[in-house]
Amino acid sequence: MAGDASGIPELDQDKYDADEQVKIICLGDSAVGKSKLMERFLIDGYRPQQLSTYALTLYKYTTTIDRKAVLVDFWDTAGQERFQSMHPSYYHKAHACIMVFDVQRKITYKNLTNWYTELREYRPEIPCVVVANKIDADMKVTQRNFNFAKKQGLPLYFVSAADGTNVVKMFKETIKMAMSYKQNTSDFMDEVMRELENFELEQNKEESLQTAEEGLKPESPESV
Ligand SMILES: Nc1nc2c(ncn2[C@@H]2O[C@H](COP(=O)(O)OP(=O)(O)OP(=O)(O)O)[C@@H](O)[C@H]2O)c(=O)[nH]1
Ligand SMILES: [Mg+2]
């Protein structure tokens, strides 16, 4: 189990001035290159040293889609053999998933089935992409058939965090999928959550109006 993420405060959307906020999670065995892919996308860089992610890392990224400012929270973790599975809060309210394997290690491809099963337990409907990483090590792999993605009807991207091939394309398309999921979801629980959020917003508005009105009331003669 990864570190308990439930203690993480909700990100402050206002602070980033975003119209929308989406959460994208990353899954896959240890050392498939999850963190390096984030690094490549977010800072257009890549440091080859081996550094395993400790429990959970959160990256924030802002972009504009259809003239809307979008704040993306990328969740990266060391999910892997060491922990077997993720804490449910990792999946909580995620809008898309990037599932990575290493084209050089067959076991990481086989384990996609386990990651996918767990993902669907918590998030049955969110868009998910399959990412075949490290193609720089052997370009021939792009000719091979990776049937898992096809069988599950998921998009498959051949990428390299080391040289950057397809990294931006994969992330941008995933962000778009996350946005469109958020806007058009038919997931019942998500609808309920959205209603609740709207309800809370309305309530807060009413409360602050009330406070403002009270502040405007003339002081009663007794209090003078
Ligand atoms: N050749 C090659 N090596 C890569 C690529 N991406 C990552 N690596 C190497 O693979 C190793 C693991 O990369 P990480 O990004 O730390 O893997 P991770 O999936 O985040 O691993 P955990 O944090 O343990 O879950 C590092 O030594 C990287 O340099 C790639 O595209 N090509
Ligand atoms: Mg990592």
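Indexing begins at 1, ligand by ligand and atom by atom, following the structure's order.
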(message) Taking distance alone, with N or O pairs closer than 3.5 Å, would you say S35 contacts ligand 1?
(response) yes
(request) Look at the side chain of R40 and the backbone N and O of T165, then say whether any donor-acceptor pair between them is shorter than 3.5 Å. (result) no
(message) Run D102 and K134 through salt bridge (Lys or Arg N to Asp or Glu O under 4.0 Å) and show every step you take.
(response) CA-CA 6 Å; D102 174 349; K134 308 197 189 180; 3.1 Å; yes
(message) List ligand 1 atoms under 4.0 Å from T77, heavy atoms only on the residue side.
(response) 25 (O)
(request) Look at the aromatic rings of Y61 and F41 and report parallel, tilted or perpendicular, splitting at 30° and 60°. (result) tilted
(request) Kindly identify the option in V32, D163, D136 whose heavy atom sits closest to atom 2 (C) of ligand 1. (result) D136
(request) Determine, using ring centers only, whether F101 and F146 are less than 6.0 Å apart. (result) yes
(request) Identify, with sequence neighbours excluded, every residue that meets salt bridge (charged side-chain N to carboxylate O under 4.0 Å, His left out) alongside K110. (result) none
(request) Identify, by atom number and element, the atoms of ligand 1 in contact range of S30, meaning under 4.0 Å from any of its heavy atoms. (result) 21 (O), 22 (P), 24 (O), 25 (O)
(request) Please confirm if an N, O or S atom belonging to S35, backbone or side chain, lies less than 2.8 Å from the Mg ion (ligand 2). (result) yes
(request) State if A31 counts as touching ligand 1 under the rule of any non-hydrogen atom under 4.0 Å. (result) yes
(message) Could you check whether Y59 and F74 have their ring centres less than 6.0 Å apart?
(response) no
(request) Below 4.0 angstrom from a heavy atom of A161, which ligand 1 atoms are there? Numbered from 1 as shown, please. (result) 6 (N), 30 (C), 31 (O)
(request) Within a distance under 4.0 Å of any heavy atom of N133, pick out the atoms of ligand 1 and give their elements. (result) 5 (C), 6 (N), 31 (O)
